[in-house]
Amino acid sequence: MEKLIIGCDHGGFALKNKIIGHLKNKGYEIEDIGTYSTESCDYPEIAKKLAKKISEGAYEKGILICGTGLGMSIAANKIKGIRAVTCADTCSARMSRAHNNANILCLGERITGEYLAIDIVDIWLSTDFEGGRHQRRVDMIEKDI
Ligand code: RB5
């Protein structure tokens, strides 16, 4: 089974625990890089720590959760090779994998309810990148054009 890395700030702590429970039940091996409480912390630290692990090849995919999912994706996308997407619907989750080969899924605990968030996670993890013309476009993201 695939291994995954997951992180959150205080705004995503409760949803992170629910998602970890769900994914462990499905057999995923999870590294949880925190935060580990609802005490206030700074999302860029968590986002960049997780994004660097993916950039270095330790993991193929990760999940970041904050209040909105927005700050996490902005910060993670500063790291080379990262394609982080904030999704609040299942269609965006599917397309972010199929066309954009997203490697980090960001969720907002204050935006998306638990059941929908879990559907988004399942669809995001089970959708393959289509490659082809999309590969050329994804390659262009890292280039100076
Ligand atoms: C924390 O209050 C909140 O700003 C954070 O969780 C996130 O939503 C930032 O984008």
Side-chain angles (χ1 to χ4, degrees), residues 1-130 134 137-145:
M1 185 52 95
E2 207 173 344
K3 59 175 192 165
L4 288 173
I5 182 163
I6 188 163
C8 69
D9 74 353
H10 54 288
F13 177 69
L15 182 59
K16 181 190 72 174
N17 288 337
K18 285 171 180 157
I19 288 172
I20 289 174
H22 172 73
L23 291 175
K24 282 191 170 169
N25 276 341
K26 291 186 85 173
Y28 283 88
E29 191 186 312
I30 310 275
E31 183 184 351
D32 177 5
I33 61 158
T35 187
Y36 304 111
S37 77
T38 53
E39 194 179 323
S40 184
C41 67
D42 299 324
Y43 65 82
E45 282 181 13
I46 300 285
K48 289 190 171 185
K49 184 175 172 186
L50 184 144
K52 282 178 186 166
K53 291 234 187 189
I54 292 181
S55 182
E56 289 159 3
Y59 293 88
E60 276 184 22
K61 288 181 197 151
I63 299 173
L64 286 166
I65 309 161
C66 63
T68 59
L70 299 174
M72 287 294 199
S73 61
I74 292 168
N77 278 319
K78 295 291 181 189
I79 305 300
K80 187 171 171 49
I82 295 305
R83 293 175 300 280
V85 288
T86 305
C87 294
D89 68 274
T90 52
C91 182
S92 299
R94 177 179 294 106
M95 297 311 290
S96 76
R97 289 286 312 129
H99 285 194
N100 313 115
N101 202 12
N103 49 17
I104 298 181
L105 172 65
C106 302
L107 296 164
E109 180 184 311
R110 297 170 185 157
I111 304 291
T112 307
E114 174 190 347
Y115 286 9
L116 176 56
I118 284 173
D119 278 355
I120 288 169
V121 166
D122 284 346
I123 286 169
W124 191 79
L125 289 174
S126 62
T127 304
D128 291 329
F129 179 48
E130 289 177 7
H134 304 298
R137 292 165 184 161
V138 167
D139 291 343
M140 289 171 75
I141 293 170
E142 293 284 339
K143 284 188 196 144
D144 191 12
I145 50 175

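Everything numeric here is computed off the predicted structure, so don't read it as measured data. Just follow the structure's listing: the first ligand is 1, and inside any ligand the first atom is 1. Along the sequence shown, residues are numbered consecutively beginning with 1.
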Item checked: M72, any N or O under 3.5 Å of ligand 1 N or O -> no
Next item on the list: Check whether any protein heavy atom sits under 4.0 Å from atom 6 (O) of ligand 1.
Entry: yes
Item checked: For Y43, the ligand 1 atoms whose distance to one of its heavy atoms is below 4.0 Å -> 9 (C)
Margin query: Below the 3.5 angstrom mark, is there an N/O of T68, backbone or side chain, next to an N/O of ligand 1?
Written below: yes
Margin query: Would you say CD of E60 has more than 12 non-hydrogen atoms from neighbouring residues, nucleotides or ligands within 6.0 angstrom?
Written below: no
Checklist line | Which of the ligand 1 atoms, numbered from 1, are nearer than 4.0 Å to a heavy atom of G67 | finding: 5 (C), 6 (O), 7 (C), 8 (O)
Next item on the list: Determine the minimum heavy-atom distance between K16 and T35, stating which atoms define it.
Entry: NZ-O, 2.7 Å
Check: Hey, are E31 and K3 close enough for a salt bridge, meaning a charged N less than 4.0 Å from a carboxylate O?
Finding: no
Next item on the list: Identify the two heavy atoms, one from I5 and one from K53, that lie closest to each other, and give their separation to 0.1 Å.
Entry: CD1-CD, 3.8 Å
Checklist line | Minimum-distance protein heavy atom relative to atom 1 (C) of ligand 1 | finding: H10 NE2, 3.6 Å
Next item on the list: May I ask you to check if ligand 1 and G71 share an N or O to N or O distance below 3.5 Å?
Entry: yes
Note to self: Could you check whether atom CD of E142 has more than 12 heavy atoms from other residues, nucleotides or ligands sitting under 6.0 Å from it?
What the structure shows: yes
Margin query: Tell me whether R110 reaches ligand 1 (any heavy atom closer than 4.0 angstrom to a ligand atom).
Written below: yes
Notebook entry, point to check: Taking the side chain as C-beta and beyond, is there a heavy-atom pair between N101 and H134 under 4.5 Å?
Noted result: no
